[in-house]
Amino acid sequence: MIVYTVGELLRQWRQRRGLSQLDLAIAADVSARHVSLVETGKSRPSADMILRLADQLHVPLRDRNRLLLAAGFAPRYAERPLDDPALSAALDSVRRVLQAHEPYPALVFDRRWNIVLTNRALDPFLAQVAPDLLRPPVNLVRLGLDPRGFAPLVVNLADVRAVFRSRISRQLAAAPDAELTAPYEELLLPEDPTGQRVDADVVIPMILRIDGRELRLFSTITTFGTPMDITIEEIAIESYYPADPESAAYFTKQ
């Protein structure tokens, strides 16, 4: 295993963000020379300086802890289970959002796209999934694309794969993750030429064939602002909405 110094890690994040040393220095209100000295290991940055640079580089909290450890400092950000008492307020807020979204489906997933929570509106769809796909951790991408999962229900499966591919490729570009790269390569590569190219945050509805009728759904993603806990930073709420009156009627009449 390669062990990087804090300077090498900061340089990797700077290059990943497409910034020069001068760009970073101006954003962090330090000298370009100091950034250079830190990256080359000729200057040992303080914990506060590491976090100042990491903030400008939009480094995830998990990786900020790695930067601090590489420099010999204690981690600054906790990582607790979502049901930890310290996160009770956040968990309660998430549950309220899920419940308030009914009768439409909504779920919470983590940075590896594993489902953490769902609302009751998703239950009828999960009932049609092979039991082994519902053994924890239940992965949203695998659930959506596996022939024993939602795939047989999805009319525009190539489009849905393209959306997954776009979202996860951008996530990996922003913060590489070997454990996410593996399912990405397994389930989403190579590209399907029949799917739409999704290069921006455009709305492509997911079309499901349920009980002999087609449901058109689009989704939104909600995350926590300025989180101080790794778990909270890494979860997202995906809420599904009907894209037409006929689809809305399916859910409201259930």
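This one's a predicted model, so the numbers in the text were calculated from it and none came from an experiment. We use all heavy atoms of the structure for the numbers below, so side chains are in, but hydrogens, waters and symmetry mates are not.
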Given side-chain contact (heavy atoms from CB on, under 4.5 Å), test Leu61 with Asn65 step by step and report yes or no. CA-CA 6 Å; Leu61 300 187; Asn65 277 349; over 6 Å; no
Between [X] and [Y], is there a donor-acceptor pair closer than 3.5 Å when you use the side chain of the first and the backbone of the second?
{"X": "Arg44", "Y": "Ala71", "result": "yes"}
{"X": "Arg111", "Y": "Glu234", "result": "no"}
{"X": "Arg17", "Y": "His58", "result": "yes"}
{"X": "Asn139", "Y": "Arg142", "result": "yes"}
{"X": "Arg148", "Y": "Leu133", "result": "no"}
{"X": "Ser36", "Y": "Ala32", "result": "no"}
{"X": "Asp23", "Y": "Ser20", "result": "yes"}
{"X": "Glu39", "Y": "Glu8", "result": "no"}
{"X": "Arg170", "Y": "Ser166", "result": "yes"}
{"X": "Asp244", "Y": "Arg216", "result": "no"}

If you count the non-hydrogen atoms of other residues, nucleotides and ligands that lie under 6.0 Å from [atom1] in [X], is the total more than 12?
{"X": "Asp29", "atom1": "CG", "answer": "no"}
{"X": "Arg80", "atom1": "CZ", "answer": "yes"}
{"X": "Arg112", "atom1": "CZ", "answer": "yes"}

To the nearest 0.5 Å, what is the distance between [atom1] ([X]) and [atom2] ([Y])?
{"X": "Gln12", "Y": "Asp63", "atom1": "CD", "atom2": "CG", "answer": "10.5 Å"}
{"X": "Gln15", "Y": "Arg11", "atom1": "CD", "atom2": "CZ", "answer": "6.0 Å"}
{"X": "Glu214", "Y": "Ser247", "atom1": "CD", "atom2": "OG", "answer": "9.0 Å"}
{"X": "Leu37", "Y": "Thr40", "atom1": "CG", "atom2": "OG1", "answer": "5.5 Å"}
{"X": "Leu189", "Y": "Thr181", "atom1": "CG", "atom2": "OG1", "answer": "10.0 Å"}
{"X": "Leu67", "Y": "Arg76", "atom1": "CG", "atom2": "CZ", "answer": "12.0 Å"}

Write down the atom of [X], the atom of [Y], and the distance for their closest heavy-atom approach.
{"X": "Thr252", "Y": "Pro103", "value": "CG2-CG, 4.2 Å"}
{"X": "Gln56", "Y": "Leu24", "value": "CB-CD1, 3.9 Å"}
{"X": "Leu51", "Y": "Leu68", "value": "CD2-CD1, 4.1 Å"}
{"X": "Leu217", "Y": "Pro242", "value": "CD2-CA, 3.9 Å"}
{"X": "Met49", "Y": "Pro45", "value": "CG-CB, 4.1 Å"}
{"X": "Pro105", "Y": "Asn119", "value": "CA-OD1, 3.6 Å"}

Can you hop from Leu143 to Leu157 via hydrophobic side chains spaced under 4.5 Å? yes
Would you say the rings of Tyr240 and Tyr104 are close, in the sense that their centroids are separated by under 6.0 Å? no
Compute the ring centroids of His101 and Tyr241, then answer whether they are less than 6.0 Å apart. yes
Can you check whether [X] reaches [Y] side chain to side chain, under 4.5 Å on heavy atoms?
{"X": "Ile237", "Y": "Thr223", "result": "no"}
{"X": "Phe218", "Y": "Met206", "result": "no"}
{"X": "Ile50", "Y": "Val6", "result": "yes"}
{"X": "Val108", "Y": "Glu238", "result": "no"}

Could you tell me whether Asp92 and Arg96 make a salt bridge, using a distance below 4.0 angstrom between a side-chain N and a carboxylate O? yes
Is a side-chain donor-acceptor pair under 3.5 Å present for Trp113 with Gln171? yes
Would you tell me whether Thr231 and Glu79 have side-chain atoms, one donor and one acceptor, within less than 3.5 Å of each other? no
